2 protein chains.
Amino acid sequence: MGNVSTKAEDIVSCARALIIKGGYNSFSYADISSVVGIRKASIHHHFPAKADLVRTVVKQYREEGEAGIAALERNVPDPLDQLRAYVGYWEACIADASHPFCVCALLASEIQVLPEDVALEVRGHFQTLSEWLTSILERGIAEGRFASIGTARENAEMLMATVHGAMLSARAYGDPAIFGVITKPLLKRIAV
Amino acid sequence: MGNVSTKAEDIVSCARALIIKGGYNSFSYADISSVVGIRKASIHHHFPAKADLVRTVVKQYREEGEAGIAALERNVPDPLDQLRAYVGYWEACIADASHPFCVCALLASEIQVLPEDVALEVRGHFQTLSEWLTSILERGIAEGRFASIGTARENAEMLMATVHGAMLSARAYGDPAIFGVITKPLLKRIAV
DNA sequence: GAAAACCTACCAACTAGTAGGCAGTCCGTC
DNA sequence: GACGGACTGCCTACTAGTTGGTAGGTTTTC
């Protein structure tokens, strides 16, 4: 069939969910074992060390993210609509609690205690995302659709930081709605 | 003397540093033991369970924060200067790496795997901080010093989220300067 | 002399990780 | 078409080290 997930895929997606819940040090192979229905040692067969597993999770997460960006670039011509799509994606994820935090944002907070190769992937995600947002803002400014206070790069970093901070606030308050409260005015300020 | 720190104080400040480094699950009593120069069991004498220790860390952190807020309310009359002092405080902490992340912001990201009483303290910090920022913005708007796009509360939540996100970006990039890059334009937008 | 602070010596449970075996599958050779 | 090796996925059983936490004794301090 091809749509039946393999154990390795199950392990990765379970690990992703556990990372989103509480970060690198909050879960163990035993946790995955009981959820996926596989022995601990079998997880080691697929991912010899925990760092291997988490690196795989982050790599896959980045690939999916970049595929999402590419799709937006293809299907959504307007830069403001692209930003709305990006923010709206997270708003939906937080609202339905399916995936209520960015894997890399969570791992970034723990970056000082992460295996080095995982940390590099996390940093890479921040760079990729910031570059994409910068390119949107540059285009929006060039087209006269966005306010041009400050450089595109500065605004992109601010936008990304605010979205991450809004995720954090939603989590701290235990209230998904706060994400929208923070991000809606944000987009309004960017558009002319 | 009174200025010689007690072991209990040492334990709390060591735990605080370790939490800032990587969160609740990234450190153990053994880590504190080796840094402070006390046996593991003696830490349990002062703080029977890890949750007690971390709750103490967060409570103390909040008290210090509220003392800082009170001092600003006393000594800094201008609302924009108060915001500058708040943001500037964190900029300095991040630049000299002495204290490069908000304890409660870090714990908030792990809130789903935190003991409940610790989680409540963390949430309390977000509320306190948000209320203070809201009051500053209300005053600034009333005095005609701040732009009044959106409510004070919305802007306060956005400001807090952006500061937290900026901490995260500084950490992810491994570059303290990014905090200033993000927060400087932020304050400029708030002032008329 | 009592209380607080600190110690040694434990514990059970859990951590990531390893060794080695077994069933099924793919694939080339006879 | 049968056979055998190589490989894959998963297993049981184990390891050494770490986790948070406890029991009970000794030292220090007021």
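Throughout, a chain's letter reflects where its sequence line sits, starting with A, and its residues are numbered from 1. The shown structure was predicted, so the numbers you read here are calculated from the model rather than taken from an experiment.
- If you take CD1 of I43(A) and P of dT12(D), they are 13 Å apart, rounded to a whole angstrom.
- Spacing between atom CG of N25(A) and atom C1' of dT19(D) amounts to 12 Å, rounded to whole angstrom units.
- Within 6.0 Å of atom CZ in R139(A), more than 12 heavy atoms from other residues, nucleotides or ligands are found, so the atom counts as buried in its surroundings.
- Between R16(A) and E64(A) a salt bridge is recorded (basic side-chain N to carboxylate O distance below 4.0 Å).
- In this structure, Y29(B) atom OH and dT22(D) atom C1' are separated by 13 Å, rounded to whole Å.
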Considering only nitrogen or oxygen atoms on both sides, find all protein atoms under 3.5 Å from nucleotides 6-8 of chain C and state each distance.
residue	atom	partner	partner atom	Å
dC6(C)	OP2	H46(B)	NE2	2.7
dC7(C)	OP2	R39(B)	N	2.9
dC7(C)	OP2	S42(B)	OG	2.8
dT8(C)	OP2	R39(B)	NE	3.3

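- A salt bridge links D52(B) with R55(B); the closest basic N to acidic carboxylate O contact falls under 4.0 Å.
- Judged by distance alone, with hydrogens and angles left aside, the side-chain atoms of E91(A) form no donor-acceptor pair with the main-chain N or O of F179(A) at under 3.5 Å.
- If you measure from atom CG of L53(B) to atom C1' of dT19(D), you get 15 Å, rounded to the nearest angstrom.
- With no hydrogens or angles considered, a side-chain donor-acceptor pair links W132(B) and E73(B) at under 3.5 Å.
- For dT19(D), the OP1/OP2 oxygens have a side-chain nitrogen or oxygen of S28(B) closer than 4.0 Å.
- Residue-level contact check: F27(A) touches the backbone only, with heavy atoms under 4.0 Å from sugar-phosphate atoms and none from bases.
- If you measure from atom OH of Y24(A) to atom P of dT15(C), you get 14 Å, rounded to the nearest angstrom.
- Salt bridge status for E63(A) with K59(A): absent, with no side-chain N to carboxylate O gap under 4.0 Å.
- Atom-to-atom, NE2 of H44(A) to P of dT18(C) comes out at 8 Å; the value is rounded to the nearest Å.
- For the pair I32(A) CD1 and dC10(D) P, the interatomic distance rounds to 14 Å; values are reported in whole Å.
- As a whole-Å value, the separation of D10(A) CG from dG9(D) C1' is 13 Å.
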